[in-house]
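Shown next, in structure tokens, is the structure this report addresses.
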There are 2 protein chains.
Amino acid sequence: MKLSKRITAMQESPIRKLVPYAQGAKANGKHVYHLNIGQPDIETPTSFMKSIKNFDEKVLAYSSSQGMPELIDAIINYYKKYDIHYEQDEILITNGGSEALLFAIIAIADANDEILVPEPFYTNYNGFSSAVDVKVSPITCKAEEGFHLPSKFEIEELINPRTKAILISNPGNPTGVVYTKEELKILAELAEEYNIFIIADEVYREFVYDGLHYTSFGNIEKIQDRVVIIDSVSKRYSACGARIGSIASKNKELIRQILKLCQGRLCVPTLEQIGSVELYKTPQEYFNEVNTEYQNRRDIVYNGLSEIPGVLCKKPTGAFYVVAKLPVDDAEKFAIWLLKDFDVDGETVMLAPAEGFYATPGLGKNEARIAYILNENDLKKAMNILKLALEKYPNTTLIPQSCC
Amino acid sequence: MKLSKRITAMQESPIRKLVPYAQGAKANGKHVYHLNIGQPDIETPTSFMKSIKNFDEKVLAYSSSQGMPELIDAIINYYKKYDIHYEQDEILITNGGSEALLFAIIAIADANDEILVPEPFYTNYNGFSSAVDVKVSPITCKAEEGFHLPSKFEIEELINPRTKAILISNPGNPTGVVYTKEELKILAELAEEYNIFIIADEVYREFVYDGLHYTSFGNIEKIQDRVVIIDSVSKRYSACGARIGSIASKNKELIRQILKLCQGRLCVPTLEQIGSVELYKTPQEYFNEVNTEYQNRRDIVYNGLSEIPGVLCKKPTGAFYVVAKLPVDDAEKFAIWLLKDFDVDGETVMLAPAEGFYATPGLGKNEARIAYILNENDLKKAMNILKLALEKYPNTTLIPQSCC
């Protein structure tokens, strides 16, 4: 039996290929600093488990397909802090931001339609889209420009009659870019002029540094009927294993249609919703603390990268990632070499090669994503290992200083 | 902006239209016996919450995309009781049986492909399929034949080069049919002859009555490379709100491909998996008790229906549903009338009109699904209300006895 073309063509996780090498390194007694994954080490607010432990119904029954009203209310309240105002019938609870994305794509695009996505992008944007026969059309962004968007004209050139939406992560995964209000306005204009949707993945909304002002697509008044906001408790409250996400839109018809998909999968886990109600009530101080911690980590990583000859990266201002150009021919080969052939006192690092974050063939080959989800001490050690590794790596593209 | 054709064409829940009428009835002080939903009232084994309450990790992290190894092992052990033998890399944990179904369909069928499904069927089979552009091709089964399958020849006639799988629920939702070993063998032969998959939704595996022998598609040796078994803790352990399901197949390449979809959505909730490990260890006595309870309920419903003039239904032998032909022109109208215009001492019943369980237009118009998920006392009252209602219903299709 043949499997479907869409599943066989679906992109695999770019890190997957490296897993056996990491396992091998660990089997050989090496300690691996994981700079490759987006699993924060911050503690989940204890309110989450506390409320779940209080659950005492005898039957763990289906909950509402739309989501628990208490959780929807908690999210409505949360958005108010950002001056974003939703009503009960404008929000759906989903199995993580992942399901929110998949459902939004299905509802907006048919087979062979296209969705514009700034690249490098979160790999699963491509995975979900291709699984439902939607094509990701990349808006190429460059390390040299801190991965900010190209001109309106350049984006406009990519739009055609099959283009149904712009899907954008802000702050950006994997780049850590925080788009300016002006950039958002340009996308909003394009969405209006070409009558398309904006799917705004804002799961890193709180992770913005240097006192930068963050603008949500929920704040751009005149296009609210075409904005879909994807959210999740995973990164916001370090509750990745809860798998609670949401879709919000002032386009009530869109929500009504996506509700059919929600009804199809019946409901989202009851307990995790109960816990998430409490998460959304977490006081602002939590974010202040977490933010300070991540900003310090960002500084360690950025300063560390800046000191390495041949590395190119602009200072990222959001999320907990950075994509850096490395002085190597192939970042995947380098990542494998780090695991297989290199260590500093029995320790090494694992990177995420960035090629898999691009849709345009050949781009990102010498780039890697670094996630700063380790404590400051470990991060410092990891950055030092990376520096020493790039000095020793045989396939460096740096012209040795001595020869010039 | 236009929404996608696939979302706008997607079938809504057949019960949805009735919800406002049920709400109206309740607002008017009527008690409504819900015979329309598949939410069991049986208590969830306490081992589920007990194990979750013991969770004490500080960070609720992502778990493995494939599913927790402990849960996969528990499911492997569970299957052994049925003489079905899976290995670790032949099972994936999913967000309920729903996600298992969706992923199996995406992996097996491309846009415009077809999947054969005995009708009446679980509505969401159609919902999921159409959401990903796959067509459900119905194998029509009849109330008069207890919804058993038609001849091999009749099924064969429906197969064409676009047919990629047979999707079948056994025991059947909404019909309560338990297919015989001979019926399974016919489907297995067809699957081999036409090189297609069998997606076996066996979430009601334990709900088989009258001492009937149950055959799983996992027991038909020679076609194991083309069998995909869908399972779930929802009905089995009355844990519908847990949303833990699974996909199992001896076709390792299929599992490897579906794992890409699993990686795309990162993981299934951690806590619910921890709880489900314990559910899968529930001793056999639990099933014996539950089974006796459901068999008694089935008897109440079946005997009740048999006593109503003009009602046609064969004795169902599995799950907790029955589809009955009613002496009415339109079961949906009748269901609305029950909620809006009828009561016995302030009480009425809610049925699920069966038309939405058919893909063939016009079929099932005078049929309804009854779920026996109420206690025996309530069920008796509900069946009496149904009987009195059919005596009074103005649009009965019964020729009055007095006129002949």
Side-chain angles (χ1 to χ4, degrees), chain A residues 1 3-8 10 12-13 16 39-44 48-49 52-53 55 58-63 95-96 98-99 106-111 124 127-128 131-133 195-197 226 238-243 253-254 257-258 260-261 263-272, chain B residues 1 3-8 10 12-13 16 39-44 48-49 52-53 55 58-63 95-96 98-99 106-111 124 127-128 131-133 195-197 226 238-243 253-254 257-258 260-261 263-272:
Chain A
M1 302 75 56
L3 301 180
S4 70
K5 287 184 207 85
R6 53 182 162 197
I7 194 79
T8 44
M10 187 180 168
E12 266 190 288
S13 152
R16 208 178 141 68
Q39 166 60 59
D41 61 335
I42 304 285
E43 290 188 11
T44 313
F48 180 83
M49 274 313 291
I52 288 176
K53 285 180 180 171
F55 180 82
K58 298 254 179 269
V59 182
L60 182 66
Y62 289 120
S63 59
N95 283 302
S98 307
E99 191 186 67
I106 290 176
I108 288 172
D110 274 306
N124 292 323
F128 289 133
V132 295
D133 292 309
N195 197 24
I196 59 180
F197 280 96
R226 58 182 75 246
S238 193
C240 297
R243 316 306 306 125
E253 174 60 13
L254 176 72
Q257 291 291 339
I258 298 179
K260 293 197 285 191
L261 288 166
Q263 287 167 344
R265 57 78 167 125
L266 306 170
C267 71
V268 163
T270 307
L271 296 178
E272 318 290 0
Chain B
M1 302 74 59
L3 300 179
S4 70
K5 288 183 204 86
R6 52 182 162 197
I7 193 79
T8 46
M10 187 181 167
E12 267 191 287
S13 150
R16 206 177 142 66
Q39 168 58 59
D41 62 334
I42 304 286
E43 290 187 13
T44 313
F48 180 82
M49 273 313 291
I52 288 177
K53 284 180 182 174
F55 180 81
K58 299 256 179 265
V59 182
L60 183 64
Y62 290 121
S63 59
N95 283 301
S98 305
E99 190 186 66
I106 289 176
I108 288 172
D110 274 304
N124 292 324
F128 289 134
V132 295
D133 292 309
N195 196 25
I196 58 179
F197 280 96
R226 58 182 77 246
S238 194
C240 297
R243 316 306 305 127
E253 173 61 13
L254 177 72
Q257 292 291 338
I258 298 179
K260 294 197 284 192
L261 288 165
Q263 287 166 344
R265 56 80 166 122
L266 307 171
C267 71
V268 163
T270 307
L271 296 178
E272 319 291 6

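Proteins come first, then strands; the chains are lettered A, B, ... in the order of their sequence lines, and each starts at number 1.
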What option among [options] has the most heavy-atom pairs under 4.5 Å with chain B?
| options | answer |
| --- | --- |
| A:L254, A:V268, A:T44 | A:T44 |
| A:A109, A:A239, A:S63 | A:A109 |
| A:K260, A:E43, A:E253 | A:K260 |

Measure [X] against the heavy atoms of chain B and call it side chain, backbone, both or neither at under 4.5 Å.
| X | value |
| --- | --- |
| A:M1 | both |
| A:L261 | both |
| A:Y62 | both |
| A:S238 | both |
| A:T270 | both |
| A:F55 | both |
| A:N195 | both |
| A:D133 | side chain |

At what distance, to the nearest 0.5 angstrom, does CD1 of A:I108 lie from CZ of B:R6?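 A:I108 CD1 to B:R6 CZ: 11.0 Å, rounded to 0.5 Å.
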
Would you give the length of the straight line joining atom CZ of A:R243 to atom CG of B:L266, rounded to the nearest 0.5 angstrom?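 Reported to 0.5 Å precision, the distance equals 5.0 Å.
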
Among B:P40, B:A61, B:G127, single out the residue with the greatest number of heavy-atom pairs under 4.5 Å to chain A.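 Option with the top pair count is B:A61.
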
Heavy-atom pair with the smallest gap, counting every atom of [X] and [Y]:
| X | Y | result |
| --- | --- | --- |
| B:A242 | A:L60 | N-CD2, 3.5 Å |
| A:L271 | B:E272 | CB-OE2, 3.7 Å |
| B:D110 | A:K5 | OD2-N, 2.6 Å |
| B:G264 | A:S98 | O-OG, 3.8 Å |
| A:I7 | B:I106 | CB-O, 4.3 Å |

Check against side-chain contact (heavy atoms from CB on, under 4.5 Å), A:V59 and B:I42: CA-CA 7 Å; A:V59 182; B:I42 304 286; over 6 Å; no

Residue part contacting chain A, namely of B:M10, when any heavy atom lies under 4.5 Å: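 For B:M10, the contact with chain A is made by backbone and side chain together.
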
At a heavy-atom separation under 4.5 Å, does B:Q257 approach chain A through its side chain, its backbone, both, or neither?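 Both the backbone and the side chain of B:Q257 come within 4.5 Å of chain A.
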
Counting N and O atoms only, with roles assigned by atom type, does the side chain of B:R265 sit under 3.5 Å from a partner on the main chain of A:F128, one being a donor and the other an acceptor?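 No.
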
Is A:K53 reaching over with its side chain to a backbone N or O of B:I52, donor-acceptor style, under 3.5 angstrom?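 The answer is no, because no donor-acceptor pair under 3.5 Å joins these two groups.
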
Any chance you could lay out the side-chain contact (heavy atoms from CB on, under 4.5 Å) test for A:N124 and B:Q263, step after step, and finish with the verdict? CA-CA 8 Å; A:N124 292 323; B:Q263 287 166 344; 5.8 Å; no

